[in-house]
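Accompanying notes for the structure given below.
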Amino acid sequence: MVFPFHNSLKASRIKAKIDRDTAYPKHIAIMMDGNGRWALRRGLPRTAGHYAGMKTMENTIRICKKNDVKILTLYAFSTENWKRPKAEVEYIIGLIHEFIAEDTLHEMNRNRIRINFIGDLSRFSTETQNLMRNAAALTKSNSDMVVNFAVNYGGREEIVQAIKGYLKEGSVELSEEEFERYLYTSECPPPDLIIRTSGEKRLSGFLLWQSAHAELWFTSEMWPSFNEYLLYKAIHEYQCRKRRV
Ligand code: FPP
C-alpha cells in the first residue's frame with residue numbers, strides 16, 4: 001500500500017539533495033507528452049487526459065515558481081497536432097481559452113509571472129490570437145518568472161521564420177547571436193534542462209536551435225502523472241551531470 005504522504009516524503013528527501021547555489025537550472029523546458037495514453041489506460045476519453053494534463057501543467061508552474069526556476073517553456077501544441085481529429089484539436093484550444101479566461105492567469109499575474117505564447121500564432125482564430133496577446137500584454141511587466149507556452153510550434157518552422165526575418169530586417173552581419181534575435185525565444189537564454197514525459201526519447205523538433213547544449217531528461221511517467229518528486233529528480237540528476245563535466 002502506498003501511503004498518501006509517500007510521494008511528498010520522497011519529494012522532500014530528493015529536494016534536500018538539490019544545491020540551489022551551484023548549477024541550478026535557470027531555464028527548464030518540458031515536453032508534456034502522454035495525455036492520451038494516460039486517459040486510455042484508465043478507460044477515459046483522450047480529452048480527459050488533456051484536462052488532467054492542464055491541471056498538472058498549472059501545478060508544475062506553481063512548483064517551479066516556488067523553487068525559483070526563472071524560465072519555464074512548455075510544449076503545449078505542435079505544428080503536427082493539427083492532424084489530430086478536429087474535436088480533439090478544438091478541445092485543446094478550448095483549454096488554452098479556459099486557462100486565459102479563468103482565475104489561473106490572474107493567479108499567475110499576482111505571482112508576478114510573465115506569460116508568453118511562442119510559435120506561429122497566425123494559424124489560430126483571431127479570437128484565440130487576441131486572447132494570447134492580451135494574456136502576454138497583461139503580464140508583460142512581471143519579472144519573477146517567465147512561462148513560455150509553445151503553441152503551433154515546430155523547431156524547423158521557427159528556424160525558417162528566423163531566416164526570413166533576418167533577410168527582411170537584418171542589418172548587421174549574421175552571427176549566432178544575431179540569428180537568435182529572430183527566434184521566438186529571443187528574450188530568453190537557452191534551456192539548461194529539457195524534460196520529456198511518456199517514455200519517448202526524442203526532441204520531435206522542440207527548441208532545435210536552443211537545445212544545442214541542454215541536458216535531456218526522460219521519464220516513462222505520462223504527463224498527467226508528473227509531480228514534484230519527478231521535477232526534483234530531474235533537477236538533481238541535472239546537477240550530478242553538471243558536476244561530472
Ligand atoms: C501531448 O499528449 C499533449 C498535448 C498534445 C496537449 C497538451 C496541452 C495541455 C496540457 C493544455 C495546454 C494549455 C495551455 C494553457 C497552454 P498526447 O495527446 O500526445 O499523448 P499521447 O502521446 O499519449 O497520445
Side-chain angles (χ1 to χ4, degrees), residues 28-65 71-109 111 113-121 123-125 127-136 138-139 145-155 184 194-207 218-227 230-231:
I28 297 181
I30 308 184
M31 304 176 74
M32 308 183 288
D33 198 10
N35 291 350
R37 277 165 285 170
W38 180 91
L40 295 178
R41 283 175 194 177
R42 286 162 178 75
L44 299 168
R46 292 176 58 82
T47 47
H50 294 313
Y51 184 79
M54 180 163 93
K55 293 293 145 194
T56 299
M57 181 192 83
E58 292 171 357
N59 209 30
T60 304
I61 298 172
R62 291 185 191 106
I63 298 165
C64 285
K65 172 73 172 53
I71 307 164
L72 182 64
T73 299
L74 298 163
Y75 205 178
F77 194 86
S78 74
T79 46
E80 296 295 300
N81 286 153
W82 294 104
K83 293 182 190 145
R84 294 190 177 195
K86 195 165 175 267
E88 187 177 340
V89 169
E90 280 173 1
Y91 187 84
I92 297 173
I93 295 174
L95 286 179
I96 299 176
H97 282 225
E98 198 176 309
F99 174 87
I100 297 171
E102 292 192 356
D103 294 344
T104 329
L105 177 69
H106 295 286
E107 177 200 325
M108 306 282 154
N109 194 29
N111 282 308
I113 299 175
R114 181 175 179 181
I115 304 288
N116 290 320
F117 287 87
I118 61 168
D120 176 11
L121 304 191
R123 179 131 185 218
F124 294 101
S125 70
E127 186 198 359
T128 304
Q129 288 183 49
N130 286 340
L131 280 173
M132 290 174 181
R133 294 206 172 99
N134 291 345
L138 174 77
T139 59
M145 182 185 181
V146 175
V147 176
N148 298 313
F149 293 112
V151 289
N152 191 28
Y153 175 90
Y184 294 131
I194 299 180
I195 295 173
R196 183 171 190 166
T197 55
S198 92
E200 309 294 345
K201 294 188 174 130
R202 298 184 295 281
L203 279 178
S204 304
F206 187 43
L207 301 176
F218 303 102
T219 171
S220 57
E221 289 292 339
M222 301 296 143
W223 174 248
S225 306
F226 190 78
N227 56 28
L230 291 170
L231 181 75

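Heavy atoms only: backbone and side chains are in, while hydrogens, waters and symmetry mates are out. For ligands, and for the atoms within them, numbers begin at 1 and follow the listed sequence. Computed from a predicted model, the values in this text were never measured in an experiment. FYI, the numbering just counts along the sequence from 1.
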I100 contact mode with ligand 1 (heavy-atom cut-off under 4.0 Å): neither
Contact with ligand 1 for G34, non-hydrogen, under 4.0 angstrom: yes
Distance-only N or O hit between ligand 1 and N35, under 3.5 Å: yes
Full working for side chain to side chain contact (heavy atoms under 4.5 Å, CB included) between R46 and N35: CA-CA 7 Å; R46 292 176 58 82; N35 291 350; over 6 Å; no
Ligand 1 N/O within reach of G36 N/O, cut-off under 3.5 Å: yes
Nitrogen or oxygen of Y75 less than 3.5 angstrom from that of ligand 1: no
M108 and V147, any side-chain heavy atoms less than 4.5 Å apart: no
Interfacing atoms of ligand 1 (cut-off 4.0 Å, heavy-atom, R37): 21 (P), 22 (O), 23 (O)
Rounded distance [0.5 Å steps], CZ in F218 versus CZ in R202: 9.5 Å
Taking atom 7 (C) of ligand 1 as the reference point, the nearest protein heavy atom with its distance: A76 O, 3.4 Å
R46, any N or O under 3.5 Å of ligand 1 N or O: yes
Where ligand 1 meets M32 - atom numbers and elements under 4.0 angstrom, heavy-atom basis: 1 (C), 2 (O), 3 (C), 10 (C)
Ligand-residue contact atoms, ligand 1 with G53, heavy atoms, under 4.0 Å: 10 (C)
D33 backbone acceptor or donor facing T197 side chain under 3.5 Å: yes
Nearest heavy atoms of F99 and M54, plus distance in Å: CB-SD, 4.2 Å
4.5 Å side-chain heavy-atom contact, E200 and M31: no
With I30, the side chain to side chain contact (heavy atoms under 4.5 Å, CB included) member among I194, T60, T73: T60
With F206 via ring-ring contact (aromatic ring centres under 6.0 Å, His included) - residues at least two apart: Y75
Proximity to ligand 1 by part of R84, non-hydrogen separation under 4.0 Å: side chain
Selected option - heavy-atom contact closest to atom 14 (C) of ligand 1, from M31, H50, M54, M57: M57
Nearest-contact summary for atom 5 (C) of ligand 1 - protein heavy atom, Å: N81 OD1, 3.5 Å
E107/K65 ion pair, N-O < 4.0 Å: no
